Amino acid sequence: MTAFSLDPVQTAWCAELRALAEERLRPLAEKGEPGHVNRALVAELGRLGLLARLFTSGALDLCLMRESLARGCTEAETALALQGLGAHPVHAYGTRAQRERWLPRVADGSAVAAFALSEPGAGSDAAALALRADRDDARAPTSAPGPGEAAPAARGASSVASGAAPGVPGAAPADPGSSPAASGVEPGVAPAASGVAPGVPGVAPAASGTVPAGPGPSGVEAQESPVAERDGWGSWRLSGEKCWISNAPEADFYTVFARTTPGAGARGVTAFLVPADRPGLTGTPLDMLSPHPIGALAFDAVPVTADDVLGEPDRGFRVAMHTLNLFRPSVGAFAVGMAEAALAATLTHTAGREAFGGRLKDLQTVAHQVAEMAMRTEAARLMVYAAAAAYDEGAPDVPRRAAMAKLLATETAQYVVDAAVQLHGARALRRGHLLEHLYREVRAPRIYEGASEVQRAVIAKELYASVEAP
């Protein structure tokens with residue numbers, strides 16, 4: 001059992017982040033246009049040093065950031081999370097040139113990243129990706145590894161334990177569509193870098209040089225030249241669609257997962273870094289319940305080369321696994337932050353609202369409901385922290401614990417926000433009310449990065465894996 005506790009510095013940092021979210025980030029969020037990237041908000045996250053910290057944080061630190069920001073400003077939390085999700089594959093698997101070009105811009109908020117995994121026909125079953133990467137030159141290897149052949153260890157990237165086998169249901173990306181289940185565990189990421197921005201305790205400044213362009217997670221040095229190029233791969237054309245992609249179509253670059261070997265399932269997928277200005281790449285915004293930008297992407301023979309590969313050809317599924325293993329517990333942290341905000345609003349409302357000759361809080365049915373909301377929120381928070389701490393320690397049971405944390409936290413947040421709306425009455429349904437906003441925000445996390453049903457499948461699979469067959 002993983003043990004953990006927050007020290008006084010972490011506790012103070014969380015309080016400072018909540019204050020920043022309310023005082024500096026929320027006003028910028030309110031000026032944004034729903035369904036579009038709020039670049040002023042992203043830039044402010046960069047000035048505060050929070051985006052740079054994405055590349056030096058472990059899972060617990062990431063959870064603390066997401067929970068604290070979500071309590072004060074969900075838009076800021078989502079903007080930060082999407083930058084991390086889209087750019088983490090570049091940090092963990094990119095070449096030196098890829099890192100040096102994009103990571104400093106992500107860290108200072110001048111470039112917007114996106115994680116493009118989901119497709120119209122491949123959500124939870126991410127191994128069924130249909131976006132094609134067709135080789136268009138003669139420099140490709142004479143024979144690619146088949147679906148049953150062992151893959152060489154990734155060069156220029158952190159090692160990841162074996163991912164889900166083809167056909168095994170997985171968990172979804174951080175776009176309302178779903179992605180593979182994590183059946184492998186990436187060793188913990190280095191602890192957050194020290195450094196304090198002026199007037200912001202515990203927040204690392206976004207100064208030049210804070211984003212590592214050399215070693216990635218676990219100290220692996222970035223490669224000078226692409227592995228794909230050294231192995232004889234040349235160039236491809238991407239053809240197909242992606243759907244439910246957060247930050248699309250307004251991102252500056254996309255981490256795109258495409259099929260390079262037909263019929264190979266999870267072992268035939270390659271990750272590419274695709275700048276948004278590539279010819280043939282177009283996008284369409286989708287009008288979704290969630291207020292953050294989500295869109296679809298169309299690839300019409302979009303050119304990519306060995307310079308754009310993240311990791312190795314046909315080994316892109318491990319790139320997705322590594323990223324999702326890190327970010328899945330923090331989806332639960334986002335949900336906990338929303339539940340905490342709803343609970344705080346409910347306490348204030350029920351303590352002051354006059355009804356039936358007294359205060360709402362004096363009604364036993366109301367008091368018991370609030371107690372239930374608080375208990376479930378605390379339980380979810382502790383499970384999220386435990387899963388994140390297990391990831392940072394490299395524990396073997398991270399997939400199960402992360403799935404449990406994400407499942408419990410997102411389901412709990414849905415319950416708490418719904419109960420808060422009920423106790424507030426009609427006022428909570430008015431456009432612009434905090435709970436009206438949370439009610440729209442809280443629904444999507446039960447679907448993206450692994451729907452609740454997928455998380456239950458992951459948990460059961462991990463549990464039965466430990467039982468020796470008769």
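The structure displayed is predicted, hence computed values, not measured ones. Counting from 1, the numbers follow the sequence of the chain as shown.
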Distance check, rounded to the nearest 0.5 Å: [X] atom [atom1] versus [Y] atom [atom2]?
X    : Y    : atom1 : atom2 : answer
Q10  : D61  : CD    : CG    : 7.0 Å
T323 : E449 : OG1   : CD    : 9.5 Å
N247 : L82  : CG    : CG    : 4.5 Å
C73  : L41  : SG    : CG    : 6.0 Å
T74  : L438 : OG1   : CG    : 6.5 Å
L69  : L20  : CG    : CG    : 8.0 Å

Going by the salt bridge (charged side-chain N to carboxylate O under 4.0 Å, His left out) test, which pairs reach into [range], not counting sequence neighbours?
range            : result
residues 403-423 : E411-R446
residues 333-360 : E354-R359
residues 361-375 : E372-R376
residues 62-91   : R66-E77

Would you check if the side chain of [X] reaches a backbone N or O of [Y] as a donor-acceptor pair within less than 3.5 Å?
X    : Y    : value
R26  : G72  : yes
T255 : G86  : yes
D392 : L60  : yes
T11  : D7   : yes
Q455 : L407 : no

Do [X] and [Y] make a side-chain contact, defined as non-hydrogen atoms from C-beta onward lying under 4.5 Å apart?
X    : Y    : value
L45  : Q83  : no
L62  : M65  : yes
Q98  : Y93  : no
R440 : P34  : no
F253 : V90  : yes
E441 : F334 : yes
L48  : L25  : yes
L286 : C243 : yes

Test ring-ring contact (aromatic ring centres under 6.0 Å, His included) applied to Y254 - qualifying residues, sequence neighbours left out | none

Can you list the residues that meet the ring-ring contact (aromatic ring centres under 6.0 Å, His included) rule with F257, with sequence neighbours excluded?
-> F115

Partners passing side-chain hydrogen bond (donor to acceptor under 3.5 Å, both in side chains) against [X] (at least two apart in sequence or in another chain):
X    : result
R431 : E436
T284 : none
R39  : D252
E119 : K242

Start with the C-alpha gap between R427 and R430, add the side-chain angles, then the distance that decides, and say whether side chain to side chain contact (heavy atoms under 4.5 Å, CB included) holds.
-> CA-CA 5 Å; R427 61 178 45 80; R430 187 174 182 179; 5.8 Å; no

Which ring pair (Phe, Tyr, Trp, His ring centres under 6.0 Å) pairs, counting each pair once, include a residue from residues 406-438, with sequence neighbours left out?
-> H349-H424, H424-H433

Listed once per pair and sorted, the ring pair (Phe, Tyr, Trp, His ring centres under 6.0 Å) pairs that draw on residues 14-54, sequence neighbours left out | none

Closest non-hydrogen atom pair between [X] and [Y], with its separation:
X    : Y    : value
A251 : A276 : O-CB, 3.2 Å
Y391 : H322 : OH-CD2, 4.0 Å
A345 : L434 : CB-CD2, 4.1 Å
T410 : P445 : CG2-O, 3.6 Å
V42  : A79  : CG2-CB, 4.2 Å
S118 : I245 : O-CD1, 3.7 Å

Test side chain to side chain contact (heavy atoms under 4.5 Å, CB included) on L297 and V256 and set out the steps.
-> CA-CA 10 Å; L297 298 172; V256 177; 5.5 Å; no

Would L51 and L80 satisfy side chain to side chain contact (heavy atoms under 4.5 Å, CB included), going step by step from the backbone distance to the final call?
-> CA-CA 6 Å; L51 297 180; L80 175 127; 4.3 Å; yes

Tell me, with the steps shown, if L54 and H88 meet side chain to side chain contact (heavy atoms under 4.5 Å, CB included).
-> CA-CA 8 Å; L54 286 168; H88 183 77; over 6 Å; no

